[in-house]
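Here the structure is laid out as C-alpha cells; the discussion comes afterwards.
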Protein chains: 2
Amino acid sequence: MSRPEARLGTHLPVSPPTLADVAERAGVSRQTVSNAVNNPDLLRPGTLERVREAIEEMGYSPNRAARNLRTRTSQLIGLRVSPVQEGTANAMMDRFVHTLVETSALAGHHVLLFTGDDEDPVAGYDNLLRSTAVDAFVVTDTYLGNPQAAWLAQQRAPFVAFGRPWDRADARHPWVDVDGAAGTRLATEHLIAKGHTRIAWIGWRKDSPIGEDRRAGWLTTMHEHGLPTTGLASRVEDTVQSGGEAAAVLLDESAPTAFVCASDTLAMGVLHTLWLRQLAPGRDIAVVGFDDSQVAQVYPVGLTSVRQPLEEVAVQIVTALHALLSHQPPAEDGVLLTPTLVVRQSS
Amino acid sequence: MSRPEARLGTHLPVSPPTLADVAERAGVSRQTVSNAVNNPDLLRPGTLERVREAIEEMGYSPNRAARNLRTRTSQLIGLRVSPVQEGTANAMMDRFVHTLVETSALAGHHVLLFTGDDEDPVAGYDNLLRSTAVDAFVVTDTYLGNPQAAWLAQQRAPFVAFGRPWDRADARHPWVDVDGAAGTRLATEHLIAKGHTRIAWIGWRKDSPIGEDRRAGWLTTMHEHGLPTTGLASRVEDTVQSGGEAAAVLLDESAPTAFVCASDTLAMGVLHTLWLRQLAPGRDIAVVGFDDSQVAQVYPVGLTSVRQPLEEVAVQIVTALHALLSHQPPAEDGVLLTPTLVVRQSS
DNA sequence: GCGTCCCCCTTGATCGTTCCAAGCACGGGC
DNA sequence: GCCCGTGCTTGGAACGATCAAGGGGGACGC
C-alpha cells in the first residue's frame, strides 16, 4: 500500500518517503531498512548495498518525530540564551555557542535555544523537560543564587553546567569551568616578568564568586613574589565607566604601573583613563583584561587579555553530556580548564 | 491500564504523565483532555475545570514527539550559525538571535541551531528538511552567490531570508532587510549638517551588493548636496588594518574632514589612524561606523554608528514565517526597514 | 537423509498524540 | 410522551519509526 500523493506528479510538496516506501522499493521489510540505517552490521553486504541504493534514490531520511517518539529521545540539547547586555564587552558567548553547536553535531545532537522568564527562571526548563522536547540542558549562567542548577539536579534532569557549583548546597552535578585564578595568575606573572612591582587589581563586587576567584589569582601571585597589594585593589561594577574611575583613583593614590582587570570591560575603562591622561598603554602603564573579547582584538592598542578556552569547554561539555545520556557513571564531577594569555601591545 | 512505573515510589526518573493518565484521573476520555489543551471552547465549563485541575495536579505537558508525529509539525525554526570570524566587530548577531528566539517563543516556536559544511552549504538544510526536523528556516547570510536561498526556494521549503535576494535569478521568496543606503544617507546628512563638506567613504570591494548599497547612500546624498566625491572613496577588505590604511591614504591625498564607513570594523581602523596622528575623533575629524557593534559602544571615544533595527527585523521575520506556515498568501515579498543613527562623540 | 544451529530477515505491537466518525445525552417542539 | 437536532464525548485508526519475537533457509555434523 503506497501513499497516493507520492505517485501523483503534483506541484504540491509531496510528503517525504517513509521507511515502508524504501522497504517496498528495495524488496525488504521495514525493519531491515531500519537496521541498514542504525545497525548496518546486521545485514548481509548485498542486502545492505541494495537498501542503501534505494535510500539514496528516494532521498530517504528518517522522520525525526517518529524516531523521537519511539526512542524517547529528541537528540536536542537545550541552551537558554540570556538577554543581551549592551555596553558590556562580552560577545564571548558567540564563540562558545558556535563550538557547542559544531561539537554536538558530531555527536548527533542539535542545539535548541530558548529564553527564560526573568521572574521564573525555571519555567523554560520545566516546559521543555516535561514535554520531553530536549534530552539535556547546558546551563551557562551559574552565578551564585541562580536556582537553575539546583532545580535541575533535584529534578534529576540531565545537564552539564558551564561554571562550578559555588554554592555547597547545590546537589552534585557535572560541570566544566575555566580556572579564573590561573588566568589572573598568568597575567600577574607576565607583568612581574616585565619588571612591574606595583600591580593593581580592578575587580567586581565581593558577592561574585567568579570575581573573587579571579582576584585570588592576582593576590596569591603577588604575595608569592613578596609584592605589595595594600591599596592596590578596587571593587566596582562591571562597566567601562566604573573601570575608568577606579583606574583614576588608583593612579592618584597608589601609583601602580600595571593593571590586572576582572574583565575586558573594566580594562577598556582603564585604557580610557590612560587616554585622557596622555599615558601610552604598554609603554607607560600596562593593562591586562579578561575574556579576550572582540574589543580587545579590535581596539587600536591591542589589549592583552586572558583567553578562556571556550572551544575546549564546549568539547568537554559535549563529552560529559554524552556520558550522562549513555548512563555511564561520570569519572569525576567537574573539569577545570586552564586559560591562556594573549599578549598584545597593552602590556 | 495505568503504567506501573508511575505508581512505584522509585528513585528512578518516572516517565511523565500521558494524555491517558490525565483522562483517567479526570474521568474523561483522551480526546476530551486533548480538546481541553487545544480547543478549550469545545468543553463544558465544568468539564474544562476538572480536566485542568487534573493536568495541573499531575504536571502534564503534551509529549512533543507524539504531537509532532501526528501533526507533521515540529514547532522548530532552523537557523544556521556561521563560523565566528575573530577580529571583525560583528557581534551583531547576538542581538538578532536573542530577539528571534524571544519572538518565536511568543508564536510557539523554538529555534534550532545547526552548522553548515562550508563545502556543501546546503547539506545541513537538506538533512533537517528531509527528516522533517524543522518547520522552516531563517536564512541570514544572503550574500551574492550564496546558493541557499535559491535552493530552498526550489525545494519549496518554507523560509524567510534576512537580506534581499540580490540575484535576480533567485526565485521569489519572503525576505526582511535593512535599508543600508538609507543608513549611510542618515550618516552623511548628519555630517553635512555638522558643516562637513569633504566626506570620505571607506567601503568594501565591488562584488558585495550590500557594500554597494551602503556606498550608494553616501554617493547620492553627496551629489544631492552638490558635494565632491572624486578621490574620496576607497574600497578595501573588511579589516581594522585595511580601514586604517585607507584612512591614511585618504587623509594624505584628499584631506577629508569626515569618514563614513561600511562597517564598525573599518571605522575602528580609521580611529586607529587618527590616534597615531594625534587627531581627536569628533573634534578634528568625524567618523561614522555601521552596525553599532559593541566596540562602538565600549570604545573610549564613543563611535557614532548606523544601528540596524535587529529587533524589528526579528519580529518581521517571525510574522512572515507565521504567515508562511499558515499558508496565507503573503501580502508582499519583502519588508525593508530603516536603520537609525546613534550619535556619539566621534562625530 | 535428517536434525540442529545460526544467521538473516520478517511480522506484529508499541510510543503518545490528534483526526475521524459514530454514540449518547439533553432539551425543545408537537 | 415521543421524536429529532445540537453538541459534548467516545472509541478506533493513523502518523513513522523501533523493539521484541518469530520464522525460513543454508551449512554442517552424524
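Quick caveat, the model's predicted, so the values are computed rather than measured.
The aromatic rings of A/Phe162 and A/Phe96 sit tilted relative to each other, their planes meeting at an angle between 30° and 60°.
Residue A/Ser29 places at least one side-chain N or O closer than 4.0 Å to OP1 or OP2 of C/dT10. Between A/Thr32 and C/dC9 there is no side-chain polar atom (N or O) within less than 4.0 angstrom of OP1 or OP2. Look at B/Ser34 and you won't find any side-chain N or O under 4.0 angstrom from OP1 or OP2 of C/dT17. At D/dG16, one or more side-chain N or O atoms of B/Arg72 fall inside 4.0 Å of OP1 or OP2 (strictly under the cut-off).
Spacing between atom CG of A/Asn39 and atom P of D/dA20 amounts to 12 Å, rounded to whole angstrom units. We find that CG of B/Leu48 is positioned 14 Å from C1' of D/dT9, with the value rounded to whole Å. Computed from coordinates, the A/Asp41 CG to C/dC6 P distance equals 19 Å when rounded to whole Å. Rounded to an integer number of Å, the gap from CD of A/Glu24 to P of D/dG16 is 14 Å. We find that CG of B/Asn35 is positioned 9 Å from C1' of D/dC8, with the value rounded to whole Å. Atom CZ in B/Arg44 sits roughly 18 Å away from atom P in D/dT6 (whole-Å rounding). Remark: P of D/dT18 and CG of A/Leu19 are 6 Å apart, rounded to the nearest angstrom.
Considering A/Leu79, A/Val97, A/Leu112, A/Leu100 in turn, A/Val97 is the only one that fulfils the side-chain contact (heavy atoms from CB on, under 4.5 Å) rule with B/Leu113.
The number of heavy atoms from other shown groups lying within 6.0 Å of CZ (B/Arg130) is above 12.
Closest contact between the side chain of B/Gln31 and the listed nucleotides D/dT9, C/dC20, C/dT17 involves C/dC20. Distances were taken from every side-chain heavy atom of B/Arg30 (C-beta onward) to each of C/dC15, D/dT18, C/dT18; the shortest belongs to C/dT18.
Using a 4.0 Å heavy-atom cutoff across all strands shown, B/Thr71 reaches sugar-phosphate atoms only and no base atom. Across all strands, A/Asn38 comes closer than 4.0 Å only to sugar-phosphate atoms, never to a base (heavy-atom distances).
Of the residues in residues 50-70 of chain A, those placing a heavy atom less than 4.0 Å from an atom of DNA chain D are A/Tyr60, A/Pro62, A/Asn63, A/Ala66, A/Arg67, A/Leu69, A/Arg70, in numerical order.
In this structure, the side chain to side chain donor-acceptor pair (under 3.5 Å) partners of B/Asn63, at least two apart in sequence or on a different chain, are A/Thr132.
Annotation: B/Tyr125 is not in aromatic contact with B/Phe159 [ring centroid separation under 6.0 Å not met].
Counting only heavy atoms from C-beta outward, the side chains of A/Pro16 and A/Ser61 never approach each other to under 4.5 Å. Proximity of B/Arg80 to B/Val139: side-chain heavy atoms (C-beta onward) are nowhere separated by under 4.5 Å.
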